[in-house]
Q: 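Dumping the structure here so I can ask a few things about it.
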Amino acid sequence: MINITLPDGNIKSFENSPTGQEIARSISEGLARDTVAVKVNGDTLDVYLPIDHDAEIRLITTKDPEALEIMRHSAAHLMAHAICRVYKDAHLTIGPVVEDGFYYDIDMEPVSEEDFSKIEAEMKKLVKEKLPIRRKVITKKEALDFYKDEPFKTEMIQDLTDGTISFYEQGDFTDLCRGPHVPHTGFIKSFKLTKVSGAYWRADPNRPQLQRIYGTAFFDKKDLKEYLHFLEEAKKRNHRKLGEALDLFSFHDEAPGMPFFHARGMEIWNALLAYWREEHRAAGYVESKTPIILNRALWEKSGHWENYRENMYVTKIDEEEYSIKPMNCPGGMLLYASRPHSYRDLPLRQAEIGLVHRHELSGVLSGLFRVRAFHQDDAHIFMTPDQIEAEILGVLQLTERIYGTFGLGFHLELSTRPEKSIGTDEQWEMATEGLRSALELYGQEYKINEGDGAFYGPKIDIHIQDALKRTWQCGTVQLDMSLPERFDLAYIGSDNQRHRPIMIHRVIYGSIERFFGILLEHFAGKFPLWLAPVQVILLPINDDLVPYARELSEKFTQLALRCEVDHRTESLNRKIREAQLQNIPLILTVGAKEKEKGTLSVRTLDGNVRHGLDHESFFNRVFDHIAKRKIELEIFAE
RNA sequence: GCCGACGUAGCUCAGCCGGUAGAGCAGCUGAUUCGUAAUCAGCAGGCCAGCGGUUCGAAUCCGCUCGUCGGCUCCA
């Protein structure tokens with residue numbers, strides 16, 4: 001007799017060891033149909049495997065997020081199955097589930113997206129056949145025999161240390177796999193192959209390069225459609241396209257990975273920084289500026305020469321070696337060390353909008369998101385050990401405030417000591433604990449990334465979430481106990497003795513270039529009024545009204561609004577269309593009526609048009625919207 | 001850096017198996033003077049990313065270089 005406890009506390013008894021399938025069927029036929037796997041005392045099991053002991057179970061149905069992962073894993077197998085049929089000499093390696101789907105790394109002839117349709121066609125055939133997917137436990141020796149002509153699988157099996165080795169079979173296809181899987185291929189209804197790229201075996205550039213084929217799968221056709229729609233939407237918002245269309249920035253072959261910001265882009269840039277300075281001043285920061293070319297001796301002292309050299313641009317001046325700075329910190333150290341400090345001066349919050357250059361691999365460059373020259377909204381905070389918590393907490397609170405202004409949510413991740421690092425164990429221990437306790441104090445949940453810290457210290461990474469729910473790492477807070485040491489930084493304590501200050505590096509926008517790109521996609525090019533490069537455009541209805549429009553424009557400009565007049569001899573409709581496509585938040589048409597009555601007709605980006613606004617109520621609303629840095633496109637809502 | 005795809009007018013893109021470059025939008029000129037998302041007509045614009053090769057002949061085929069995109073890796 002086997003007793004099975006269900007999540008609701010009910011206990012069902014079975015004569016023989018029941019399978020998940022049988023348990024589901026004992027409740028209802030429909031449930032049995034939708035059950036993908038079963039969770040037995042925390043382990044996930046295939047539905048057709050018998051449960052031979054009393055257990056607490058939970059059925060995983062197609063509604064569960066876990067089911068999607070299981071099915072996508074099965075979809076990876078399905079794709080591998082199809083590929084092995086189409087490409088005879090394909091050698092499989094690994095095929096995991098990833099965030100939006102799955103991939104499989106396969107040693108085979110290079111494929112392109114044009115080949116997807118024939119693979120997908122083969123996959124569809126296999127789905128129709130509803131091939132049962134069955135687990136088979138075998139010995140290591142059997143596994144090695146089976147894969148004697150498969151070097152990658154052989155290597156994987158040899159690396160397996162924890163007991164059981166299982167195969168999954170579907171029709172004429174067998175794959176080494178831990179499982180679980182959906183019961184048969186018919187569960188994998190809506191899928192699509194999405195992209196292909198090269199990927200090294202074991203992520204090692206010295207090992208063979210494989211074909212990594214990506215795909216995604218859903219239980220419901222509607223979900224797949226929705227996902228594809230999301231991809232379309234993301235494509236439409238692509239900041240490279242918008243940057244070109246809105247005349248914000250450009251890239252040129254003469255400076256790969258180094259953006260040129262146009263006049264309109266600079267308006268946004270300057271508004272971002274003005275806001276940043278306002279917040280930082282209020283939070284007790286002072287601003288500094290350090291040079292971008294510094295002597296090699298400095299980089300040797302800071303440890304960059306040893307640890308970061310491959311990313312640094314080096315140049316020779318008067319027979320001396322110099323490097324263009326990839327980080328601002330060593331300069332910041334010199335600045336701190338340039339005069340003595342008292343404990344009364346601490347914490348010293350020394351900010352710098354620093355231009356850094358990093359020689360990134362050519363293949364990783366990507367619009368504003370990944371560049372070789374960028375500005376960091378950096379700050380180095382020097383403090384006494386008992387100020388650590390409060391300072392980090394302060395940074396987190398400032399970050400929350402600033403991201404909130406843009407309507408961006410965020411989550412936190414703590415990264416610990418990496419393999420390649422400087423400093424002692426004690427230093428790392430203390431630094432990591434400092435960050436951890438500040439996080440606890442802040443109270444928001446956080447994730448831990450072991451070994452992901454910078455070479456000079458542990459860090460808290462702040463990941464924002466944009467309007468399309470995509471996440472981006474922007475802010476980071478890094479505790480550094482090594483640089484103050486290397487630069488022999490000191491402050492005089494109340495005991496009149498020299499003490500070593502603790503330092504943190506932190507950024508909030510991160511890279512201003514990248515943050516700019518993220519905002520561009522987040523707002524889909526429709527920047528809120530306070531950020532819009534052109535805030536007001538005046539559209540005279542005919543040429544006679546151009547002088548009056550200019551008069552108004554003059555007034556607006558005096559009031560510090562960024563304003564333009566479209567004085568072209570074009571139809572009103574065309575001017576409106578173009579202003580709308582340029583995402584100008586306040587589109588004012590100027591005709592005889594407005595001139596006579598002294599009123600304004602305003603179209604906002606939500607498509608609303610209001611006539612007969614008097615100047616005073618217009619300015620009240622507009623300046624209120626700007627002062628509060630509101631992000632709504634509707635400006636004159638009741 | 002590696003793998004794959006791509007690079008034609010300011011932009012978006014055509015250009016079949018090699019015969020000497022084409023459209024729409026933008027620009028310019030002229031006409032139109034317009035009330036909430038494209039008025040009409042004409043004109044001009046290209047060393048087909050660069051270099052080399054194959055060929056009687058190359059945007060088209062081949063090689064190299066540069067750049068862009070998607071990944072790998074890395075990271076703000």
Q: Do A:P259 and A:V371 have side-chain heavy atoms sitting under 4.5 Å apart?
A: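 The answer is yes, as the side chains (C-beta and beyond) meet within the 4.5 Å cut-off.
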Q: Under 6.0 Å between ring centres, would you say that holds for A:Y308 and A:Y456?
A: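 Centroid distance A:Y308-A:Y456: not below 6.0 Å, so no.
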Q: Taking the side chain as C-beta and beyond, is there a heavy-atom pair between A:E634 and A:F636 under 4.5 Å?
A: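 Yes, side chains in contact.
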Q: Provide the distance between the two P atoms, one in B:G67 and one in B:A44, to the nearest whole Å.
A: 37 Å
Q: Which residues pass the ring pair (Phe, Tyr, Trp, His ring centres under 6.0 Å) test with A:Y214, not counting sequence neighbours?
A: A:Y103
Q: A:L246 CG to B:A26 C1': how many Å, rounded?
A: 15 Å
Q: Treating primed atoms plus P, OP1 and OP2 as sugar-phosphate and everything else as base, which nucleotides of nucleotides 43-52 of chain B get B, S or - for protein heavy atoms under 4.0 Å?
A: ----------
Q: Using a cut-off of 4.0 Å between protein heavy atoms and nucleotide atoms, how would you tag nucleotides 64-76 of chain B 5' to 3' with B, S and -?
A: ---SSSBBBBBSB
Q: Applying side-chain hydrogen bond (donor to acceptor under 3.5 Å, both in side chains), name anything that partners A:Y275, two or more places apart in sequence or on another chain.
A: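 A:Y275 satisfies side-chain hydrogen bond (donor to acceptor under 3.5 Å, both in side chains) with A:E279, A:T405 once adjacent residues are dropped.
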Q: Could you check whether A:K447 pairs with A:E413 (Lys NZ or Arg NE/NH1/NH2 to Asp/Glu carboxylate O, under 4.0 Å)?
A: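 Yes, charged N to carboxylate O under 4.0 Å.
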Q: Roughly how many Å is it from OH in A:Y103 to C1' in B:G4, rounded to a whole number?
A: 17 Å
Q: Can you give one letter per nucleotide of nucleotides 30-35 of chain B, going 5' to 3': B for a protein heavy atom under 4.0 Å from the base, S for sugar-phosphate only, - for none?
A: --BBBB
Q: Could you give the distance separating B:G15 and B:A23 at their P atoms, to the nearest angstrom?
A: 15 Å
Q: How close or far is atom P of B:C3 from atom CE of A:M108, stated in whole angstroms?
A: 17 Å
Q: Who pairs with A:K236 by salt bridge (charged side-chain N to carboxylate O under 4.0 Å, His left out), at least two apart in sequence or on another chain?
A: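 Counting only residues at least two positions away or on another chain, A:K236 forms a salt bridge (charged side-chain N to carboxylate O under 4.0 Å, His left out) with A:E233.
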Q: Should the heavy atoms of other residues, nucleotides or ligands under 6.0 Å from CD of A:E310 be counted, would the total exceed 12?
A: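 Atom CD in A:E310 is packed in, count exceeds 12.
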Q: For residues 362-372 of chain A, which residue pairs qualify under salt bridge (charged side-chain N to carboxylate O under 4.0 Å, His left out), counting only residues two or more places apart or in two chains?
A: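 Sorted pair list: A:E360-A:R370.
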Q: Of A:I587 and A:E244, whose nearest nucleotide on RNA chain B comes first from the 5' end?
A: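 Upstream on the strand: A:E244.
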Q: Residues in ring pair (Phe, Tyr, Trp, His ring centres under 6.0 Å) with A:W269, at least two apart?
A: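 Residues passing ring pair (Phe, Tyr, Trp, His ring centres under 6.0 Å) with A:W269: A:F261, A:H375.
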Q: Once pairs are restricted to Watson-Crick or G-U wobble with both distances under 3.5 Å, how does RNA chain B read as a dot-bracket string, [ ] for crossings and | for other-strand pairs?
A: (((((((..((((.....[..)))).(((((.......))))).....(((((..]....))))))))))))....
Q: Could you give the distance separating B:C3 and B:U60 at their C1' atoms, to the nearest angstrom?
A: 25 Å
Q: Using the P atom as the reference point in each nucleotide, state the distance between B:G70 and B:C17 in Å, no decimals.
A: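 Between the two P atoms, the distance is 28 Å.
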Q: Going by ring pair (Phe, Tyr, Trp, His ring centres under 6.0 Å), name the residues that satisfy it together with A:W472, two or more places apart in sequence or in a different chain.
A: A:F369
Q: Check ring pair (Phe, Tyr, Trp, His ring centres under 6.0 Å) between A:H229 and all other residues, then give those that pass, not counting sequence neighbours.
A: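 For A:H229 there are no ring pair (Phe, Tyr, Trp, His ring centres under 6.0 Å) partners, ignoring immediate neighbours.
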Q: Work out how far the C1' atom of B:C34 is from that of B:A38, and round it to whole angstrom.
A: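 Result for the C1' pair: 13 Å, nearest Å.
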Q: What is the distance, rounded to the nearest whole Å, between atom CH2 of A:W201 and atom C1' of B:C2?
A: 18 Å
Q: Considering only atom C1', compute the distance from B:U36 to B:G50 and round it to an integer number of Å.
A: 49 Å
Q: Counting the benzene-type ring for Trp, do A:H252 and A:F260 have ring centres under 6.0 Å apart?
A: yes
Q: Just the rounded figure in Å: distance from C1' of B:C2 to CG of A:D105.
A: 14 Å
Q: Would you mind reading off the distance between A:I576 atom CD1 and B:U36 atom C1', rounded to a whole angstrom?
A: 3 Å
Q: Does B:C69 count as syn, meaning its glycosidic angle lies within 90° of 0, or as anti?
A: anti
Q: A:S482: what forms a side-chain hydrogen bond (donor to acceptor under 3.5 Å, both in side chains) with it, not counting sequence neighbours?
A: none
Q: Quick one: do A:E391 and A:R506 make a salt bridge, cutoff under 4.0 Å?
A: no
Q: Distance check, C1' atoms only: B:C64 and B:G7, in whole angstrom units.
A: 16 Å
Q: Starting from C1' on B:C11, measure out to CD on A:E578 and report it in whole angstrom.
A: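 Checked: the CD to C1' distance equals 14 Å.
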Q: Using the C1' atoms only, state how far B:U39 lies from B:C48, rounded to an integer number of Å.
A: 34 Å
